[in-house]
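Working notes, beginning with the structure itself.
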Number of protein chains: 2
Amino acid sequence: MLDEIRLGRSRSRSELVERTGLGRAIVARRVQELIDRGLLSEGDVGPSTGGRPPRQLAFCADAGHVLVADLGATSIDVAVTGLDGRILGHHDEPARIEDGPERALERVDALFDSLLRTTRDIPGRLWGIGIGVPGPVEFDSGRPISPPIMPGWDGYPIRERFTQRYRAPVWVDNDVNLLALGEWRSGVASGHDNVVVVKIGTGIGAGIISDGRLHRGAQGSAGDVGHIQVTDDPDVLCRCGNVGCLEALAGGAALGRAGETAALEGRSARLQAALDLHGSLSAEDVARAASFGDPVAVAQLQAAGRRVGSMLAGIVNFFNPSLIVIGGGVANSPDQLMAAIRETIYRRSLPLATRDLSIQRSSLGALAGVIGASSMVVDQLFARQVIARWIEAGDPASMPDLPLARAG
Amino acid sequence: MLDEIRLGRSRSRSELVERTGLGRAIVARRVQELIDRGLLSEGDVGPSTGGRPPRQLAFCADAGHVLVADLGATSIDVAVTGLDGRILGHHDEPARIEDGPERALERVDALFDSLLRTTRDIPGRLWGIGIGVPGPVEFDSGRPISPPIMPGWDGYPIRERFTQRYRAPVWVDNDVNLLALGEWRSGVASGHDNVVVVKIGTGIGAGIISDGRLHRGAQGSAGDVGHIQVTDDPDVLCRCGNVGCLEALAGGAALGRAGETAALEGRSARLQAALDLHGSLSAEDVARAASFGDPVAVAQLQAAGRRVGSMLAGIVNFFNPSLIVIGGGVANSPDQLMAAIRETIYRRSLPLATRDLSIQRSSLGALAGVIGASSMVVDQLFARQVIARWIEAGDPASMPDLPLARAG
């Protein structure tokens with residue numbers, strides 16, 4: 001019921017009755033309990049539909065705050081947010097995930113401390129912590145599982161570490177799921193029930209919204225689309241040990257390597273200049289060259305876009321989303337990449353599946369991860385069973401301990 | 001709450017309180033209402049966990065009956081079932097879907113009449129009708145949408161037609177979704193939350209269970225995996241107009257054609273004999289030849305299995321199911337097909353996604369479709385909002401009209 005109000009699906013007691021199928025008396029009693037606890041407030045009188053005009057209900061997003069960190073391959077984003085995912089304070093800086101967990105997480109501690117000192121008017125107490133990492137996570141335990149680009153992190157107890165230090169509940173997920181949650185709650189995917197969010201970074205991954213819920217799959221590894229086979233060519237070797245993987249052709253690392261090859265072979269003066277400057281080329285360097293019209297870089301982006309589009313065409317046939325969102329560093333590149341992705345999907349997918357399919361860039365950019373991490377925490381805190389048990393207990397004083405009761 | 005009992009997740013009032021998070025008083029009142037309506041019965045005293053031993057609750061599957069028809073490309077299956085999907089009477093016969101809707105549905109009428117006359121002890125009144133067809137269906141309207149192998153059926157109002165004749169609510173879905181529902185409720189997929197059920201018939205399609213619900217996708221076209229590209233080879237033409245589709249290499253029609261070619265080229269005496277006998281070859285003919293050890297047929301089944309496995313490896317990376325079920329006529333073939341599918345999936349998918357992945361044959365065989373159609377009808381009838389509204393109305397006499405109120 002709290003979710004109904006919090007996510008904007010119901011705005012009054014009558015709408016709650018209508019949408020939840022619960023009786024009027026039960027709804028009235030529970031709303032009062034939530035108001036007493038400071039989680040709901042009664043606002044303006046809404047438009048009448050005949051009879052007594054309904055009182056609008058609103059979620060009190062400032063009942064507490066959430067700390068989040070989004071660890072990328074080469075960056076850390078931290079933020080403090082309200083319970084509605086609104087960012088109250090934010091900081092980002094370069095960092096190498098391959099330096100291992102101790103170093104990265106000590107830096108997260110320091111940045112959390114600094115955020116809490118410098119952000120004005122942080123509401124309430126700390127309700128929870130959300131952490132995103134660039135690799136597969138066993139969601140129930142909050143530990144990375146054989147993450148390919150995170151040496152030293154396999155099985156590291158991220159949740160326990162933060163729980164002990166902050167005495168608050170902690171949830172950990174991979175960065176792409178959090179990107180998807182962020183875009184779904186506050187970005188371009190808002191209002192869509194079936195969404196695939198693709199992040200083209202060093203590797204390629206996807207976050208999946210299925211019938212209005214984040215789909216993590218049986219082992220939490222859903223969305224690992226970078227290793228889907230997209231060519232029969234036996235010469236396309238992938239770091240995973242297979243041949244023909246999407247990531248080996250269209251991931252950020254592959255794009256950077258292709259750019260370097262073109263530079264070294266003297267096929268692009270612009271890429272050559274960038275290589276001389278940086279010593280190596282990233283996907284962003286190739287994207288920048290393409291934005292200046294460099295024909296080799298443009299062709300490389302188009303080729304990558306066609307490969308991503310070919311993979312997504314299969315996903316469209318299988319999953320039938322109403323929206324595909326493209327995010328990650330390469331997505332900030334000029335239109336050639338998006339155009340190639342779009343064209344390939346529409347050509348290769350079935351008409352019924354693409355009739356109302358929209359393909360968009362990520363709208364929240366670098367902030368999608370922290371916004372998504374905050375949503376994850378609040379979703380977990382307010383999961384139906386938890387709130388129900390609290391209401392059953394009938395003891396208003398028990399609420400502040402609820403998050404701690406679920407920690408670890 | 002009724003779903004909790006009906007689907008075997010709760011068996012007593014205490015379990016209902018535990019699992020739904022509703023209060024004891026509310027649960028007790030609603031259970032009594034459902035008992036008064038003849039939907040629940042109170043059975044034996046269950047094992048005590050301290051305190052008063054709980055009374056076991058059971059769903060009254062004989063409160064009414066359901067009529068279902070599963071139309072395939074070349075067959076009709078009809079059945080009358082209880083509200084739990086148990087088959088009380090069943091009949092199947094050859095029929096050609098390409099003869100158009102009037103002829104096929106008149107035959108369904110005749111078979112329904114005959115079932116109702118000849119089946120003993122059909123309980124209660126008719127609560128609903130479920131129809132499966134071998135093509136895409138817009139679920140909300142119950143109409144086929146551009147079905148490729150169903151000439152004359154595009155937009156045909158199947159729901160309206162049956163609603164008018166039987167004065168009962170009607171739901172229509174594609175045969176593969178119903179196969180998946182059947183295996184999930186009563187077959188090998190029971191207890192799994194993330195399942196992909198693949199039907200290899202004339203074409204190839206999939207039904208998807210995502211986090212414990214049938215996933216139909218944004219336009220209801222999810223699972224159309226037959227047209228996922230599995231090869232770069234420009235010579236593999238598909239009837240959909242694209243090149244390299246799975247169906248063009250591994251569908252039943254493709255297998256039959258490959259068998260005919262081998263027979264005509266004199267590469268297999270057994271296939272040649274079958275061709276002389278039938279005038280043409282089906283996938284089942286090739287499977288039969290393989291079961292007798294014919295090396296050409298075995299190689300063809302293995303090649304088809306590797307193609308299906310290659311497509312499924314991508315789905316496993318994207319969706320991370322805990323179970324894949326292979327059904328359809330070809331699935332009854334010897335082990336070579338299943339072995340090739342399994343081997344390719346395990347080789348091409350990521351270790352975390354396949355760690356606990358099981359790959360099984362369909363367990364209900366030809367009956368999965370009618371069992372699934374019955375589940376669809378009862379699921380829709382007992383959808384939470386509907387039952388809630390009936391309870392809100394507080395009028396026991398209104399229940400018999402509930403199905404009709406939702407019809408059309």
Side-chain angles (χ1 to χ4, degrees), chain A residues 17 19-24 26 136 145-146 192-194 196 206 208 210-211 213 215-233 240 242 310-311 313-315 317-323 347-353 355-357 384-385 387-389 391-392, chain B residues 17 19-24 26 136 145-146 192-194 196 206 208 210-211 213 215-233 240 242 310-311 313-315 317-323 347-353 355-357 384-385 387-389 391-392:
Chain A
V17 168
R19 287 190 42 101
T20 63
L22 293 169
R24 294 204 154 264
I26 304 163
I145 301 290
S146 312
H192 285 264
D193 281 342
N194 292 288
V196 177
I208 306 162
S210 168
D211 298 319
R213 291 187 294 189
H215 174 82
R216 292 194 171 87
Q219 269 78 40
S221 78
D224 214 335
V225 298
H227 302 281
I228 290 181
Q229 186 175 13
V230 293
T231 177
D232 300 335
D233 185 345
C240 77
N242 266 314
S310 169
M311 177 278 291
I315 299 303
N317 284 354
F318 172 76
F319 191 68
N320 185 206
S322 58
L323 174 68
R347 184 167 48 78
R348 278 286 341 173
S349 303
L350 296 169
L352 180 58
R355 200 176 58 186
D356 301 312
L357 175 67
R384 189 163 162 250
Q385 303 286 332
I387 287 290
R389 258 180 242 130
I391 288 177
E392 281 298 303
Chain B
V17 168
R19 287 190 42 100
T20 63
L22 292 169
R24 294 205 156 264
I26 304 164
I145 302 290
S146 311
H192 285 263
D193 281 341
N194 292 288
V196 177
I208 305 162
S210 169
D211 298 319
R213 292 187 294 190
H215 175 81
R216 291 194 171 87
Q219 267 78 42
S221 77
D224 214 335
V225 297
H227 302 282
I228 291 182
Q229 187 175 10
V230 292
T231 177
D232 300 335
D233 185 345
C240 77
N242 267 315
S310 169
M311 178 277 291
I315 299 303
N317 283 354
F318 172 77
F319 191 69
N320 185 207
S322 59
L323 173 68
R347 182 167 49 78
R348 280 284 342 170
S349 302
L350 296 169
L352 180 58
R355 200 176 57 186
D356 301 312
L357 175 67
R384 189 162 163 250
Q385 303 286 333
I387 287 289
R389 258 180 241 129
I391 288 177
E392 281 298 303

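We name chains A, B, ... by the order of the sequence lines, and we start the count at 1 in each one. In what follows, every heavy atom counts, from backbone to side chain, and hydrogens, waters and symmetry copies are set aside.
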* To do: Below 4.5 Å from any heavy atom of chain B, which atoms of A/Pro136 appear? Answer side chain, backbone, both or neither.
  => side chain

* Atom CG in B/Asn317, atom CE in A/Met311: separation rounded to 0.5 Å? -> 10.5 Å

* Structure fact -> Applying a strict 4.5 Å limit to non-hydrogen atoms, the region of A/Arg213 in contact with chain B is side chain

* Asked: Checking A/Leu323 against chain B: side chain, backbone, both or neither under 4.5 Å from a heavy atom?
  -> neither

* Heavy atoms only: give me the nearest A/Ile228-A/Ile315 pair and the separation to one decimal. => CD1-CD1, 4.3 Å

* Choice from A/Gly314, A/Ser221, A/Ser310 maximising heavy atom contacts with chain B below 4.5 Å -> A/Ser221

* Structure fact -> Turns out that what part of B/Ala353 lies under 4.5 Å from chain A's heavy atoms comes down to both

* Asked: Out of A/Arg348, A/Arg355, A/His227, which one racks up the most heavy-atom pairs below 4.5 Å with chain B?
  -> A/Arg348

* Under 4.5 Å from a heavy atom of chain A, the part of B/Asp224 involved -> both

* Structure fact -> Okay, A/Asp232 and chain B: the region with an atom under 4.5 Å from a heavy atom over there is both

* Spacing of A/Arg216 atom CZ and B/Asn194 atom CG [to the nearest 0.5 Å] -> 12.0 Å

* When heavy-atom pairs shorter than 4.5 Å are enumerated against chain A, which of B/Cys240, B/Ser322, B/Ala218 gives the highest number? -> B/Ala218

* To do: Heavy-atom distances under 4.5 Å only: say whether A/Val196 touches chain B with side chain, backbone, both or neither.
  => side chain

* Most contacts with chain B, counted as non-hydrogen pairs under 4.5 angstrom, among A/Leu357, A/Ile26, A/Val230 -> A/Ile26

* Can you list the steps and then say if A/Asn242 with A/Gln229 is a side-chain hydrogen bond (donor to acceptor under 3.5 Å, both in side chains)? -> CA-CA 9 Å; A/Asn242 266 314; A/Gln229 186 175 13; over 6 Å; no

* chain A contact via B/Asp356 - which portion, at a heavy-atom distance below 4.5 Å -> both

* To do: Look at the rings of B/Phe319 and A/His215 and say which category their plane angle falls in: under 30° parallel, 30 to 60° tilted, over 60° perpendicular.
  => parallel

* Structure fact -> Highest number of heavy-atom pairs under 4.5 Å with chain B among A/Asp233, A/Ile145, A/Ile208, A/Val225 belongs to A/Ile208

* Asked: Side chain, backbone, both or neither: which part of A/Asn320 has a heavy atom under 4.5 Å from chain B?
  -> both

* Non-hydrogen atoms of chain B under 4.5 Å away: do they reach the side chain of A/Ser210, the backbone, both or neither? -> both

